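Atom set for the values below is all heavy atoms of this structure, side chains included, hydrogens, waters and symmetry mates excluded. These numbers come from a predicted model, not from an experiment.
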Amino acid sequence: MTPSLQNYIESEILPRYEAFDAAHQRDHADSVIRQSLALAEHYDVNKDMVYAIAAYHDTGLVVDRKTHHLESGRIIREDARLLEWFTPEEIEVMAQAAEDHRASSDHEPRSIYGKLVAEADRLIDMDTILRRTLQYGFAHYPEMSREEQIARAIAHLHEKYAEGGYLKLWIPESPNAGRLRELRALIRREDELLLRVENIYDEIKI
C-alpha cells in the first residue's frame, strides 16, 4: 500500500471508530481491513482502493445507523484528500462499494470492491457475532432487561443468519461459508443457543 495513504487513514480516518458503539470500534475496522486485503489476493484489484474502502466503510455511523452505508459513501466522495491517491472514477467506485456493503442491502454489490468489503464485514465467528449482537442491544436499547436483551439478540440471529436470513455471501474464496453453516446449526439447537447467549451476556455485564 502507498505509505502516504496509509499514514492519512491511520491518523485521520480510523480514529473516528473510537466514537462508535462497542460493535463498531477500531478493532472492527482493522478486522475488515485485514479480511478485505486477504480476500483481494484472489483478484486483480487495486490494493490501495481495497484498503481505503475497508477503512471508510462504517464512517457514516457518525451520522446515522440506519443509513450509515450511504453516509459512508458520501464521506468518501467529499474527502478531497483522496484525490491525492485516486482518480474521481476510482473514488466513485469506492463510494459505491461502501454504499453496497451493508448486510441488509437489497441488491448485489456493483463491483468486486463492494463484494470484497461486504464479505470481509461478514466475518463469521460465533462468539464474536453473539457478543456484538448483545453489545448493539446494550448501546441502542439500554432500557431493556436481561431477558429482553437476550430475546432481542436471539431474534436478530434468526433474522440475519438462519436459513432464509438476509445475510448473503459474495466471495467463494472466503471461509465464511463453512462458518455460516456451523452458526446455522447452533441456531437450530435452541437450548444450546440460549445458554451461549446467556453466558456471554453475563460475561459482558460482570
Side-chain angles (χ1 to χ4, degrees), residues 9 12-33 35-36 50 52-79 82 91-111 113-125 128-145 147-171 176 180 183 187 197 200-201 204:
I9 285 178
E12 300 295 334
I13 303 305
L14 293 177
R16 300 180 189 185
Y17 286 82
E18 296 169 7
F20 300 154
D21 64 87
H24 296 89
Q25 288 283 297
R26 171 68 180 267
D27 61 335
H28 171 65
D30 288 338
S31 173
V32 174
I33 289 170
Q35 294 297 320
S36 292
V50 172
I53 294 162
Y56 280 81
H57 82 283
D58 275 342
T59 52
L61 287 168
V62 71
V63 177
D64 177 70
R65 167 71 182 178
K66 186 175 181 180
T67 61
H68 80 279
H69 53 305
L70 302 178
E71 294 294 341
S72 296
R74 178 187 59 78
I75 289 168
I76 290 172
R77 290 187 182 96
E78 294 180 357
D79 190 342
L82 291 176
I91 290 172
E92 179 59 26
V93 170
M94 292 161 57
Q96 291 179 5
E99 291 172 343
D100 293 345
H101 87 273
R102 193 172 186 183
S104 57
S105 176
D106 60 359
H107 63 272
E108 181 175 342
R110 287 166 279 184
S111 71
Y113 293 96
K115 291 179 179 179
L116 287 169
V117 71
E119 186 74 23
D121 194 42
R122 287 148 181 67
L123 178 62
I124 308 295
D125 175 81
T128 300
I129 286 172
L130 299 181
R131 186 176 298 274
R132 288 184 65 195
T133 301
L134 285 167
Q135 288 171 331
Y136 181 86
F138 299 157
H140 295 272
Y141 307 102
E143 74 284 357
M144 282 188 173
S145 67
E147 291 71 23
E148 289 171 330
Q149 290 283 5
I150 290 170
R152 190 208 68 83
I154 290 175
H156 174 74
L157 292 169
H158 277 274
E159 179 184 11
K160 183 172 182 179
Y161 297 102
E163 284 85 354
Y166 64 78
L167 179 109
K168 295 178 176 62
L169 302 179
W170 303 112
I171 303 296
N176 278 338
L180 182 58
L183 179 57
I187 291 172
V197 175
I200 291 176
Y201 179 99
I204 295 173

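Looking only at side-chain heavy atoms (C-beta outward), Leu130 and Leu157 come within less than 4.5 Å of each other. At a threshold of 4.5 Å between non-hydrogen side-chain atoms, the residues Leu82 and Tyr56 count as touching. You'll find the side chain of Ser72 stays beyond 4.5 Å of the side chain of His57, heavy atoms only. Contact of the Lys168 side chain with the Arg122 side chain is not registered, since no non-hydrogen atoms from C-beta on lie closer than 4.5 Å. The shortest distance between side-chain heavy atoms of Gln149 and Phe138 falls below 4.5 Å. Side-chain contact check for Arg16 versus Asp58: every heavy-atom pair is 4.5 Å or farther apart. Residues Val62 and Phe20 are in side-chain contact: their nearest non-hydrogen atoms beyond the backbone lie under 4.5 Å apart. Within the 4.5 Å cutoff, side-chain heavy atoms of Leu167 are placed close to those of Leu180.
One finds the CG atom of Leu134 at 9.0 Å from the CD1 atom of Ile154 (value rounded to the nearest 0.5 Å). Expressed to the nearest 0.5 Å, how far CD of Glu99 lies from CD1 of Ile53 amounts to 11.5 Å. In this structure, Lys160 NZ and Ile187 CD1 are separated by 11.0 Å, a value rounded to the nearest 0.5 Å. Rounding to the nearest 0.5 Å gives a distance of 4.0 Å between CD1 of Ile124 and CD1 of Ile129. Rounded to the nearest 0.5 angstrom, Ser31 OG and Gln25 CD are separated by 13.5 Å. Between the OH atom in Tyr166 and the CD atom in Glu159 there is a gap of 5.5 Å [rounded to 0.5 Å].
Shortest non-hydrogen contact noted between Val32 and Ala120 is O-CB, 3.6 Å. In plain terms, the two heavy atoms of Ala55 and Ile13 that are nearest each other are O-CG2, 3.8 Å. Between Ser36 and Val117, the closest heavy-atom pair is OG-CA, 3.8 Å.
Residues satisfying the side chain to side chain contact (heavy atoms under 4.5 Å, CB included) criterion with Arg74, sequence neighbours excluded, are Val63, Glu71, Glu78. In this structure Arg131 satisfies the salt bridge (Lys or Arg N to Asp or Glu O under 4.0 Å) test together with Glu203, sequence neighbours excluded. Remark: Glu143 engages Tyr141 in a side chain to side chain contact (heavy atoms under 4.5 Å, CB included) (not counting sequence neighbours). Not counting sequence neighbours, Ala155 has no partner by the side chain to side chain contact (heavy atoms under 4.5 Å, CB included) test. Evaluation of the salt bridge (Lys or Arg N to Asp or Glu O under 4.0 Å) rule for Glu12 yields no partner, not counting sequence neighbours. With sequence neighbours left out, the side chain to side chain donor-acceptor pair (under 3.5 Å) criterion links Glu163 to Arg188.
Checked by atom type and distance alone, the side chain of Asp100 never pairs as donor or acceptor with a backbone atom of Ala118 at under 3.5 Å. Put simply, the side chain of Tyr17 never gets that close to the backbone of Asp30: no donor and acceptor are under 3.5 Å apart.
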Could you walk me through whether Glu92 and Arg110 pass salt bridge (Lys or Arg N to Asp or Glu O under 4.0 Å), step by step?
CA-CA 11 Å; Glu92 179 59 26; Arg110 287 166 279 184; 5.7 Å; no
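The only option from Arg102, His28, His69 that meets the side chain to side chain donor-acceptor pair (under 3.5 Å) definition with Asp121 turns out to be His28.
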